Amino acid sequence: MSWSAGPNGTIRETTDDGSAATVKVCTYDQGTLDGSLAHILAQGIGLSVTVVEARQGGHPLVVQATADPHRVHTENTSGCSTVRQALALPAGGVAVWSAPTDQADRIGRHATTLLELEIARNESKQLLAEVDSLTNQVMQDFEELSLIRALASSLELPQTEEDTDEFVLASLMPLVSGVGAVSIAAILVDDSGTQKRSPLWTGSRLIPDPSIFELIDSHREELRLQPVVRNRNVGDGHCGVPGLDEYIVVECCSEGRLHGWVMACNRVKDDTDDVPWAQLGFTTVQASLMETATNQLAAQLNNIRLLRQKEELFTDVIRALVNAVEARDPYTCGHSERVASFARCLASKIGFTTAECERIYLTGLLHDVGKIAIPDGVLQKPNRLNDEERAIIETHTDSGWRILQELEALQDILPGVLYHHEHWNGEGYPDQLAGENIPIDGRILAVCDAFDAMTSDRPYRKGMSIDRATGILNEGAGTFWDPNLIQVFRRHIDEIDEIRINHQPRQPASRPAPVDGRPIIGQPGFSVPAETPQASPIAE
C-alpha cells in the first residue's frame, strides 16, 4: 500500500493489489480544532503535516493511529531515508508527516508532547469559559433576585392612580440598570383593559406616544406568547422605529388580565461598541430578566386592582347602611355624604395623609348610623324635640358604636362615630370629654356636622346663610368646637361651600320591571321535575 498526491488537495491511496481510493485531506483551517492542532504540530516539529480523514479500511498507519490515539505510529519505507508517522487528533482526523529515519523517535515524542500540551491548554480555556459563563449566570441570577426582592419589598400598595404610577416607576427603576437600558416605558391600560394610557418613562422619552402604541399593536399576537426582542442591523439608522436602536417588549399580564406592557429602549453603549461586531444589543438574557420583573409587577398590579375592588365593595356596603338611615329620616337626605366630604377636606388641610382622609370620610358616612335604633316618632318628628326626645336622640352615638364595634375593618372609625357630639368645654355627650381629650376625628366631625345642620333646610326652618353659619361656629369656638379647627375651617370656607353647592344626593335606583311576564333580575325558567308516583307494594 502506498500514498501519492491526488487532485484538489487529496491523497490517492493505492493498495498492494492495485486498487486505489481517494482520502480527504483537511487544510489548516484555524476555525477547526484538528486544523489548528495540525498547524501547531507543523510549526513545532518543523515538517509539513497533513490531516487525513480517518475511515474504516483505510491505510494501515491511519487505522493504527485511530485505534491507539495516545502515541505516534511510524511506518518504515524500504530504501528511503525517511519514515511516515501518524498521530490521531481529538476531533477525528489523523495528522501525517514524513520524518528523517534517524530523528523519527525524537520527532514522535515531541509531536506527542506538543499535542498533549495543546489539548490541555484547550481544556483549560474551555474550563475558564465555563467558569466565566457560570459567573455571568450567577451575577444575572443575583441581579434578578435583587430586582424581585426590590419589587416584593413594596408591600404598601398604592391607593390612587397617581400613587400607582409612582409605584410602577419605582418598581422599574432597578430594572433599568439590570438590563442596561437607556430608558424603560410602562404602557398601562385602563380598567377596561382596552384603552392604552400615556406611557410612563423611567428616563428620557425616546419616542412619541403614537409610535410606541403602533409598535405594541404590531407585536400584539407575538407578545401573548413571549417577549419580543429587536436589534438594528449594523449600518442601519434604527430598528424600524426612528429613535430606537434596539428594544425589548414584554406583556404585563396576571391571571388572564392585561395590565399593559413594559418596554426597554436602547441598550447603554460601552467601550466595545466602537467595534461593529460587538454591537450585540439586547439578548435573551435581558429579555428573561424583563419577563421575570414584569410578571412580578403584574402580580402587584393585580393585587392593587383586587384591593380597590374590595375597598369599593366596602364603601358600597357603608353607603347601604347610610341609605338605611336616610330612608327612615328623609329630611336629612345627603347629610352624611356632605359631612363626610367636608370632613375629608378639613382633614387634608391640617395634614392628614391620603389614607387618613379616606378614614375620616368613611367615618363621616357612618357617623349617624346609630339613628337606625331611634324610634320613628322621634326621628321623623317635624317639629323641635322636647328634652325627653332629645335624650333619646343622644343615644344614637352609643347605638352607632354598638352596631359597628364587632366589625374588625371598622375599628378605626369608632372614635368619630362615638364622639362627634362631644364639646370642647366638656359639656357634650356621651362621655363629657373636653379639649384635646376628644379624639381628633370626633372634633373634625363635630364642626362639619354642625355646619351642615345649620346650612341645610329642615321642616321647621330654612337653612342659614354661609356667613351666619360661620359666625355661629366662630362664636362657639373654644366652647363647643376646637378653636384651631374653626380657624382652619373658616380659612377654607370657600372650598367647603363649593363642596356643599356641588353635592348631588344619590337618587334611589328604580327597580326594573318584568318584560312579557319574565323578570329582568334572576334567571327564570328553571323547572323542577315532577316526582314519579311509586307503585304501592303488593300485599303478599
Side-chain angles (χ1 to χ4, degrees), residues 133 136-154 164-189 196-207 209 211-232 238-241 243-270 273 279-304:
S133 177
N136 290 334
Q137 184 62 48
V138 169
M139 292 177 63
Q140 185 67 38
D141 291 344
F142 178 76
E143 289 180 356
E144 187 170 326
L145 289 173
S146 298
L147 181 59
I148 294 172
R149 182 179 179 182
L151 289 172
S153 64
S154 305
T164 300
D165 291 349
E166 293 179 5
F167 169 80
V168 170
L169 288 176
S171 299
L172 292 179
M173 287 304 296
L175 187 61
V176 177
S177 58
V179 300
V182 172
S183 189
I184 290 181
I187 306 92
L188 303 180
V189 296
K196 302 182 189 69
R197 294 176 51 205
S198 180
L200 305 171
W201 290 87
T202 60
S204 56
R205 184 182 296 271
L206 299 182
I207 58 175
D209 292 0
S211 296
I212 201 169
F213 293 157
E214 183 178 350
L215 185 146
I216 288 173
D217 288 339
S218 68
H219 295 307
R220 198 76 176 260
E221 294 302 321
E222 186 177 358
L223 283 168
R224 290 192 177 100
L225 304 176
Q226 62 188 9
V228 171
V229 182
R230 294 292 184 270
N231 297 306
R232 69 180 177 88
H238 52 76
C239 59
V241 180
L244 288 184
D245 294 335
E246 49 268 325
Y247 61 84
I248 305 173
V249 186
V250 181
E251 187 177 71
C252 186
C253 184
S254 177
E255 296 185 2
R257 183 180 182 87
L258 177 67
H259 299 286
W261 302 267
V262 176
M263 180 175 177
C265 302
N266 292 356
R267 187 174 66 86
V268 175
K269 303 299 186 289
D270 53 35
D273 288 339
Q279 297 176 0
L280 300 177
F282 291 120
T283 67
T284 55
V285 175
Q286 286 88 32
S288 176
L289 181 57
M290 282 274 294
E291 187 174 27
T292 300
T294 302
N295 288 340
Q296 184 76 14
L297 177 62
Q300 294 284 52
L301 290 174
N302 194 53
N303 289 338
I304 293 170

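Everything numeric in this text was worked out from a predicted model, so none of it was measured.
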Asker: Within a strict 4.5 Å, meaning less than it, do heavy atoms of the V168 and L301 side chains meet?
Answerer: yes

Asker: Considering only heavy atoms from C-beta outward, does the side chain of V241 approach that of I212 to under 4.5 Å?
Answerer: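 The answer is no, as the side chains (C-beta and beyond) never meet within the 4.5 Å cut-off.
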
Asker: Between T283 and Q286, does any side-chain donor sit less than 3.5 Å from a side-chain acceptor?
Answerer: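 Their side chains do contain a donor-acceptor pair, which is all the 3.5 Å distance test asks for.
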
Asker: Under a 4.0 Å threshold between the charged nitrogen and the carboxylate oxygen, would D209 count as salt-bridged to K196?
Answerer: no

Asker: Hey, could you give me the NE2/OG distance between H259 and S254, rounded to the nearest 0.5 Å?
Answerer: 4.5 Å

Asker: S177 and P174: which non-hydrogen atoms are nearest, and at how many Å?
Answerer: OG-O, 3.3 Å

Asker: Please determine whether a side-chain nitrogen of the Lys or Arg among R230 and D245 lies less than 4.0 Å from a carboxylate oxygen of the Asp or Glu.
Answerer: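 A salt bridge is absent here (no side-chain N lies under 4.0 Å from a carboxylate O).
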
Asker: Out of the candidates V250, L223, I248, only one should pair with V228 under the side-chain contact (heavy atoms from CB on, under 4.5 Å) rule; please name it.
Answerer: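 So the option named by the test is L223.
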
Asker: If you look at every heavy atom in G180 and F282, which pair is closest and at what distance?
Answerer: O-CE2, 4.2 Å

Asker: Please check if the side chain of S183 supplies one atom and the backbone of S204 the other of a donor-acceptor pair under 3.5 Å.
Answerer: yes

Asker: Kindly compute the distance separating CZ (R224) from CD (E251), expressed to the nearest 0.5 Å.
Answerer: 6.5 Å

Asker: Any chance CD of E222 has more than 12 other-residue heavy atoms, nucleotides or ligands included, within less than 6.0 Å?
Answerer: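 Yes.
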
Asker: Search all heavy atoms of F167 against all heavy atoms of L297 and return the closest pair with its distance.
Answerer: CE2-CD1, 4.0 Å

Asker: Please find the pair of heavy atoms, one from S198 and one from R205, that lie closest to each other, and give the distance.
Answerer: OG-NH1, 4.3 Å

Asker: Would you give the length of the straight line joining atom SG of C253 to atom CG of N302, rounded to the nearest 0.5 angstrom?
Answerer: 9.0 Å

Asker: To the closest 0.5 Å, what do you measure between CG (N295) and SG (C252)?
Answerer: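 It comes to 8.0 Å.
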
Asker: Let me see the working for L215 and M263 under side chain to side chain contact (heavy atoms under 4.5 Å, CB included), right down to the final yes or no.
Answerer: CA-CA 10 Å; L215 185 146; M263 180 175 177; 3.9 Å; yes

Asker: Report yes if some heavy atom in the side chain of H219 is under 4.5 Å from a heavy atom in the side chain of Y247; otherwise report no.
Answerer: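 Yes, their side chains come closer than 4.5 Å.
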
Asker: Could you measure the distance from the CE atom of M290 to the CG atom of L172? Nearest 0.5 Å is fine.
Answerer: 8.0 Å

Asker: Under 3.5 Å, side chain of S211 to main-chain N/O of I207, donor-acceptor pair present?
Answerer: no

Asker: Using side-chain heavy atoms (C-beta onward) and a distance below 4.5 Å, is C265 in contact with V182?
Answerer: no

Asker: Do W261 and R220 have side-chain heavy atoms sitting under 4.5 Å apart?
Answerer: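 When only atoms from C-beta onward are counted, R220 and W261 do touch, with a gap below 4.5 Å.
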
Asker: Among I184, I187, L188, find the one that has a side-chain contact (heavy atoms from CB on, under 4.5 Å) with V262.
Answerer: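 For V262, the side-chain contact (heavy atoms from CB on, under 4.5 Å) check succeeds only for I184.
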
Asker: Using 0.5 Å steps for rounding, measure from the OG1 atom of T284 to the CD atom of E291.
Answerer: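 Result: 11.0 Å between the selected atoms.
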
